[in-house]
Amino acid sequence: MENEAVVQTFQMNAAFWMALTIFLVALVAIISEKIHKTIVAIGGASLMLVLKILSQHQAFHLEEFGVDWNVIFLLISMMIIINLTKPTGMFEYIAIKSAKIGKGDPLKIMVIMALVTAVLSAFLDNVTTVLLIAPVTLLIADALDVDAIPYLIVEALASNIGGTATLIGDPPNIMIASKARLDFMDFIIHLAPAVIFIMVVFLFIVKIVFRKQLTTREELKKRIMDMDEREAIKNPLMLKKSLFVLAVVLVGFIFHGLLHYEPATIALFGAALLLLLSGTHEPHHVLADVEWPVIFFFIGLFIMVGGVVKVGVIKMLSVEVLKMTHGNLFGTSMLIMWFSAVASAVVDNIPYVATMNPLIVDMARELWPHKTGIELLQYKDLMPIWWSLALGACLGGNGTAIGASANVIVVGMAEKAGRKISFLKFMLYGTPLMLVTVFIAMIYVWLRYYVLKI
Amino acid sequence: MLVKDIMEPITTNWLSPDMTLDEAVCKMEETKWGLYGASVNGMVVLEDGKKLIGVLSIINVIRAVIPSYLVLDENLGGFTWDGMIEERTEKARGKKVKELMSTSVLTITPDATLMRCADTMIEHQLQRIPVVEKTGQVLGIVHIRDLYLAITNLMCGV
């Protein structure tokens, strides 16, 4: 008996160190960008299985240790819907229309485009939004003969802010929602007000900073006013179908909590409906255009994180966090918000949140051992911590050029257009803005949940 | 006939990678091709005057003038203005040849048959193909018109 016990402890220790090593090496590999992050994630996940740290059953079928299919199918389905909507020209229409509403005035256009980007980002993922908006932005800047770089940076920042507002706006929110079983309206009620405050301040800052920088000539404004936004619409019928499905999906999201549907169910239904309505007999292209590397990155990460959860690394960390804050909940939530912001500015916020989610659950178990299930996950004292995680992880992305995927895309687009945005140039705008926005978020969480308690 | 029988030898008709686009374009414009006296529409790019590192063609030049956003987003084709090509040309003027040239270049040896040359050019839709010795030395270039001329000579008995 004694021998067996010794052997078991040894095995546990070995698994513990192996899982931790795999996880840390993978993290370093992801940050170094020497190997593609998707390959690292799949590699790490398969090692967790091969070394029997996790069983395949646990990785594929158990929510606690394995792949969160709710997140995966929500992402895939939204990508399918967007892939079908993109060619209709709807987004270009919106962007050109916005520039015309701004009467060709460069500063007004910047403010309006930032607002449009934020709103679109709240409902589409940030990368998609920026990919759709950036080319039109380059066109408009060209027509007005102004520097496109400030516009692109402002849009990346706006998209990360806007994405914070809803469940589907940014991957961290999707993951948090799934873990804590929160619904779309929870995010609208708790995060959207914070984002609106932040957006108002952001637009004000944009106006002040760029007031003198952006000027153009009257005859160039005419170029914008002469554009006919309807020329962007390539397929009016498909546009109507897309708008219909987007409306159905939005209504579905608003009521999914009430109707007891998971968000992925709503999105999958929307994707199926739009595929059907599109009348395509060849779904190959639409499906091939799903960002499979992103999807497999998530799958790999979930399994890798599952491995470190199972061996107890995360539980140990959660105890450490509580020791640090002496169990003070306000302190914990502020620690998590600022740590998340800084961490997300330097590393991808997706692996970060994938790791933090189970950590917060473990922490909750320590704090309220008598509660379980949804009662624990949505315990009123725990909720501000989830919101702090979401706000910190999403807004932190603005800190550096690599902090969020939208930033990376914008830098890449600028380079293709022959303009470089250096790492420092992005930080010059991004870092102060990140600090300001997280500060506002901090005040918001403090006032709402710890002073007013609403 | 073999490739070496119809190729244009490389003498001064090459570009260096650090030339600006306007220098390259003017050089191509001044370099006449064969008997017709028309300007060439593509040239090899040689490093240090020896090593083949790319080809610059009129397609590359026109592509350099088109802004990236029109290529990235096909729905933006309707939003252009008169005077745009003038502005973009002015902006593209200073770009370097090495940024714009095609770098994956198929080559052919001087001793290859004309049929091999014809087959390669049609299969890969090439307008021109550099002729390179096995040692790596660049000897010449075959424009598709050189090849066509070989066929017209046979057919029309010039």
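Naming convention: chains lettered A, B, ... in sequence-line order (proteins, then strands); numbering from 1 in each chain.
A salt bridge links A:D142 with B:K91: at least one charged nitrogen is closer than 4.0 Å to a carboxylate oxygen. Of the charged side-chain nitrogens involved, none lies within less than 4.0 Å of a carboxylate oxygen, so that A:K416 and B:E99 do not count as a salt-bridged pair.
Around the CD atom of B:Q125, the shell of radius 6.0 Å holds no more than 12 heavy atoms that belong to other residues, nucleotides or ligands. For A:H285, the NE2 atom sits in a loose shell: 12 or fewer heavy atoms of surrounding residues, nucleotides or ligands are nearer than 6.0 Å. When the shell of 6.0 Å around CG of A:L243 is examined, it contains more than 12 heavy atoms from other residues, nucleotides or ligands. Atom CZ of A:F244 is surrounded by 12 or fewer heavy atoms from other residues, nucleotides or ligands within 6.0 Å. Shown here is A:K108, whose NZ atom has no more than 12 heavy atoms of other residues, nucleotides or ligands within 6.0 Å. Within 6.0 Å of the CE atom in B:M115, the count of heavy atoms belonging to other residues, nucleotides or ligands does not exceed 12.
Side-chain contact between A:P135 and B:L76: present, with at least one pair of heavy atoms (C-beta onward) separated by less than 4.5 Å. Looking at B:F79 and A:I96, their side chains come closer than 4.5 Å, going by heavy atoms from C-beta outward.
Looking at A:T88, the atoms closer than 4.5 Å to chain B (heavy atoms on both sides) all sit in the backbone: N, CA, C or O. No part of A:A95 comes within reach of chain B, as not one of its non-hydrogen atoms sits under 4.5 angstrom from that chain.
Atom CG of A:L131 and atom CG of B:D73 lie 10.0 Å apart (nearest 0.5 Å). Going from atom OH of A:Y93 over to atom CG of B:N75 covers 14.0 Å, rounded to the nearest 0.5 Å.
Contact detail for B:Y69 and A:L139: the closest heavy-atom pair is CE1-CD1, 3.3 Å. Heavy atoms only, all atoms of each residue included: A:K234 and B:E74 are closest at CE-O, 4.2 Å.
Between chain B and the residues A:D228, A:L132, A:D145, A:D226, the largest count of heavy-atom pairs under 4.5 Å involves A:D228. When A:E231, A:M413, A:E92 are compared by the number of non-hydrogen pairs under 4.5 Å with chain B, A:E92 comes out ahead.
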